Amino acid sequence: MTTAEQPIIQLKNVTFSDGDLTIINDITGSFPEGRITTLVGPSGAGKTTLFRLLNRLISPDTGEIVIKGKRIEEYNPIELRRKVGLALQSATMINGTVFKNLSLPLTLQGEELPEEEANELLEDVALGKDFLHRNIKDLSGGQKQKVSIARTLVNKPKVLLLDEITSSLDRVSQQDIEELIQKINQKYGTTIIWITHNLEQALSIGDYTWVMMAGELIESGESNLLNEPKDERVKRFVRGDME
Amino acid sequence: MSYLTLALSLVFVLIPIILSKTLNLGLEKDTVIATVRSIIQLLVVGYVLQFVFDAENFIYIILMVILMIFAATQNARKKGVSIKGITWKLITTYIVVEVLTQGILLGFGITPATAQYIIPISGMMIGNSMVLSILFLNRFTAEVESNQDKTELILSLGGTPKQAIHKQLITSIQASTIPTIESQKTIGLVQLPGMMSGQIIAGADPVQAVQFQLLILFLLLTAAVVTSVLLGFLSYPTLFNDKMQMVKIVEDE
Ligand SMILES: Nc1ncnc2c1ncn2[C@@H]1O[C@H](COP(=O)(O)OP(=O)(O)OP(=O)(O)O)[C@@H](O)[C@H]1O
Ligand SMILES: [Mg+2]
């Protein structure tokens, strides 16, 4: 991406494959610090895989990922994963209550999340306080997504990787979450990278947008590129001929 | 018992074969194989034991134990091919179980240091340890497989590999040791343990047979828990690499 802004994450010729299958194909690009970048592309484009690379759950076969000027390998994996927080597409939960899930990032460090803070977090993601001691099994898919976002925030990450976190939410909840993320972005200067299948959302909340297809970064720039894409494939994708 | 009466006992092999044939159960071939194998294996063991007992040489005892560990490893390793270096982890586990149980028995003079005691008890310990390691590996690989998403969640939030696998490890240790513990609760009520039955049939004093059986039960308890815990803690690190990433499980070594 060519912008004058300071990049917090840079990728240089990053490639990742699984056996013979190339999942991420020679991606070079960057994410500007303190901004919201939305990431769109058809299913199977490699968006989630890119997030797993950035959270270092996997490592590239070739190429380099640079975070705040330092190669990703130079960070302690634990520190890095706390700084570059990931909200998984699947909103995976551990067994137990909502509170147990919210505390998880802290219990992993041998600390306890104060109940007040947990309640504030629930309020932030528009879930009532009475959810705190409910069993996670009794929550709907959308409610779990909310818990998942709140849980990722507990580590106070510098970069937030959000993988389709509003996909099973109603319009109102979706707006609540969008506002929350924008607030976090503005208040703490947190860099947001947000995968979404909703192009309207990608345009409205993004400062910048990446369009990925078949493991490649096809187009990137300010989000209004979605209004006038240059690449033929992106044009077709935006018109809805692909997905 | 003479070889003639032993030959008569083959009647008990004919019954399942006839049943299998008439009901089309398809068990004939395996029944025959099992019968032939058990005859050959046990007779060989009998003669080998007689030789070792007569020789009164410690080297033979150690050779027997090594053989047992080798056989147990061969059997159990198939269940853990997805775990790197499983062969050595199993061998280590069996050696620890053997040294620990014999160490206590011989060290405190609970049993005399003769082949008559060491070999059968070692056989029971290693055999039990083998069953336990198979139970553990079955459960552990299944738990790891079905909870990959949770493991990855914990890693993604900045947990250590040990934290990420802890739940699966504990569940598998519990699940594999529970049968041993549970079966001890009803022992004697439902069935008499095989060794005790054997001793009583051979004419031993029932109370003495019970005392000995109790000793074995407690040893089995130790063997069970030590096997699962040790194998668990030896195995889980191989599921991760030095970057604290989950290693893709490969199905063949
Ligand atoms: N762990 C994995 N092992 C092997 N292949 C994988 C793995 N994860 C993803 N893939 C493959 O990589 C490709 C990209 O998957 P990815 O999940 O990154 O796509 P995506 O852009 O997030 O799609 P979606 O929009 O459906 O979430 C797919 O072909 C997928 O089958
Ligand atoms: Mg995805």
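Sequence lines set the chain letters: A, B, ... in the order given, protein chains first and strands last, and positions in each chain run from 1. Predicted, not measured: the structure shown is a model, and the values here were computed from it.
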Do the ring planes of A:Phe31 and A:Trp210 sit parallel (below 30°), tilted (30 to 60°) or perpendicular (above 60°)? parallel
Please work out which of the three classes, parallel, tilted or perpendicular, describes the rings of B:Tyr236 and B:Phe240, given edges at 30° and 60°. perpendicular
So, the part of A:Leu88 with a heavy atom under 4.5 Å from chain B: the answer is side chain
Using a 3.5 Å distance criterion without hydrogens, assess whether the side chain of B:Ser129 forms a donor-acceptor pair with backbone atoms of B:Ile126. no
Partner chain B: residue of A:Lys83, A:Gln109, A:Met93, A:Arg82 with the largest heavy-atom pair count (under 4.5 Å): A:Arg82
Can you give the donor-acceptor pairs under 3.5 Å from side chains of residues 150-161 of chain B to other protein atoms, not counting sequence neighbours?
residue: B:Lys150; atom: NZ; partner: A:Asn95; partner atom: OD1; Å: 3.3
residue: B:Thr151; atom: OG1; partner: B:Asn147; partner atom: O; Å: 3.1
residue: B:Thr151; atom: OG1; partner: B:Gln168; partner atom: NE2; Å: 2.9
residue: B:Glu152; atom: OE1; partner: A:Arg52; partner atom: NH2; Å: 2.7
residue: B:Glu152; atom: OE2; partner: A:Arg52; partner atom: NE; Å: 3.1
residue: B:Glu152; atom: OE2; partner: A:Arg52; partner atom: NH2; Å: 3.4
residue: B:Ser156; atom: OG; partner: B:Leu153; partner atom: O; Å: 2.7
residue: B:Thr160; atom: OG1; partner: B:Gln163; partner atom: N; Å: 3.1
residue: B:Thr160; atom: OG1; partner: B:Gln163; partner atom: OE1; Å: 3.4

For A:Ser59, which atoms come within 4.5 Å of any heavy atom of chain B: side chain, backbone, both, or neither? both
Out of A:Leu86, A:Leu161, A:Leu57, which one racks up the most heavy-atom pairs below 4.5 Å with chain B? A:Leu57
Counting N and O atoms only, with roles assigned by atom type, does the side chain of A:Glu123 sit under 3.5 Å from a partner on the main chain of A:Gly128, one being a donor and the other an acceptor? no
Residue part contacting chain B, namely of A:Ser90, when any heavy atom lies under 4.5 Å: neither
